[in-house]
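Just below is one structure, and these are the notes that go with it.
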There are 2 protein chains.
Amino acid sequence: MGIDKSLLSGSTAMLILRLLEDGDMYGYQMIEELAKRSDNTFALKAGTLYPLLHGLEQQGMVSSYYDSAGGAKMRKYYSLTKKGRGLLAEKKAEWQLFSSAVNKVLKGVSI
Amino acid sequence: MGIDKSLLSGSTAMLILRLLEDGDMYGYQMIEELAKRSDNTFALKAGTLYPLLHGLEQQGMVSSYYDSAGGAKMRKYYSLTKKGRGLLAEKKAEWQLFSSAVNKVLKGVSI
DNA sequence: ACACATATATAGATCTTCGATATATATTTA
DNA sequence: TAAATATATATCGAAGATCTATATATGTGT
């Protein structure tokens, strides 16, 4: 990966939901797409992604369906639900708050 | 707090080291200073901070000494070591890489 | 004297991610 | 045709980080 994995904590779900905002995707595709969009900074592991997707589905944030998409092998596609869009909006706001707070501390102020 | 605690994962040590860059501090002071500098976004718990400080000291990133600082009660001050400054520089670079990657994904690209 | 804020510390619970492993199909290479 | 590799989904146990709860002790204000 190249990045301290613990930094990812909590933001993985947001990133996955953000991918689905642009269209339905299957798991393996998310791993590749996330690596591509982050210039290979993120190398999400399958063992992380699938349990996360199952959890999001149970909470009603995403829905899934099987499709062979033109004769190839069967793939499980995930789709963002309305509830999921709401969660994504929350997570985005939270990320903005968090990252700007970190930058404030890094920038420093007079004691 | 107001922020998903898991977002803090991995960045807490960086924030603590950054505080010490501006001068020696004792634990309780760090909690207050971090809240202040982040506009109350970060509310670090004592149960998180002290084990973290002990770990950093064991790794030689910080050193400590007791001082009563003018008659008041005894406080345990922490000081950033040379090694700690090196770690801070690493963590800062990592944070820049991570946050810019997240922002890339959030911004989105054509599929 | 009593309550409260300050100050440090540890133990156990929870959450998230990872590495390892398992299974199965499609594609490429020898 | 057979073997190797890439694609694709899934689960389990280990590891790391933070939280809550709890414990202890000192200084300050009423």
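Quick note on labels: first sequence line is chain A, next is B, and so on, each numbered from 1.
Atoms CD (A:E33) and P (D:dT7) sit 14 Å apart, rounded to a whole Å. D:dG16 atom C1' lies 14 Å from atom CG of A:L8, rounded to whole Å. Summarising the geometry, the separation between CG on B:L53 and C1' on C:dT8 is reported as 10 Å, rounded to the nearest angstrom. Atom CG in A:L7 sits about 11 Å away from atom P in D:dA17, given to the nearest Å. The separation between A:K45 atom NZ and D:dA15 atom P is 17 Å, rounded to whole Å. Residue B:M14 contributes atom CE, which lies 15 Å from atom C1' of D:dA17 at whole-angstrom precision. Rounded to whole Å, the distance from CG on A:L52 to C1' on D:dA10 is 14 Å. The nearest whole Å value for the distance from the CG atom in B:L44 to the C1' atom in D:dT18 is 9 Å.
A:K92 pairs by the salt bridge (charged side-chain N to carboxylate O under 4.0 Å, His left out) definition with A:E21, not counting sequence neighbours. Partners of A:D24 according to the salt bridge (charged side-chain N to carboxylate O under 4.0 Å, His left out) rule, which considers only residues two or more places apart in sequence or in another chain, do not exist here. Listed by chain and residue number, B:E57 satisfy the side-chain hydrogen bond (donor to acceptor under 3.5 Å, both in side chains) test with B:S64 (two or more places apart in sequence, or in another chain). Residues that satisfy the side chain to side chain contact (heavy atoms under 4.5 Å, CB included) test with B:A89, not counting sequence neighbours, are absent from this structure. Every residue two or more places apart in sequence or in another chain that forms a side chain to side chain contact (heavy atoms under 4.5 Å, CB included) with B:D39 is listed here: A:K104.
Using a 4.0 Å cut-off, no side-chain N or O of B:T48 falls inside it from OP1 or OP2 of D:dA17. Distances shorter than 4.0 Å separate some side-chain N or O of B:T12 from OP1 or OP2 on D:dT18. Look at A:H54 and you'll find a side-chain N or O under 4.0 angstrom from OP1 or OP2 of D:dT11.
Residue contacts for A:Y78: at a heavy-atom cut-off of 4.0 Å it reaches the sugar-phosphate backbone alone, with no base atom in range.
Screening A:T12, A:L34, A:I31 for a side-chain contact (heavy atoms from CB on, under 4.5 Å) involving A:F42 leaves a single residue, A:L34.
Across the interface with DNA chain C, nearest-nucleotide mapping of A:A46 and A:A13 shows A:A13 to be the residue nearer the 5′ end.
Between B:Y77 and B:Y65, the ring planes lie parallel to each other; the angle is under 30°, not in the 30° to 60° tilted range.
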Contact list (N/O, under 3.5 angstrom) for nucleotides 5-7 of chain C vs protein:
unit_1, atom_1, unit_2, atom_2, d
C:dT6, OP2, B:Y28, OH, 3.0
C:dT6, O2, B:K73, NZ, 2.9
C:dA7, OP1, B:Y26, OH, 3.4
C:dA7, OP1, B:R75, NE, 2.5
C:dA7, OP1, B:R75, NH2, 2.0
C:dA7, OP2, B:Y26, OH, 3.3

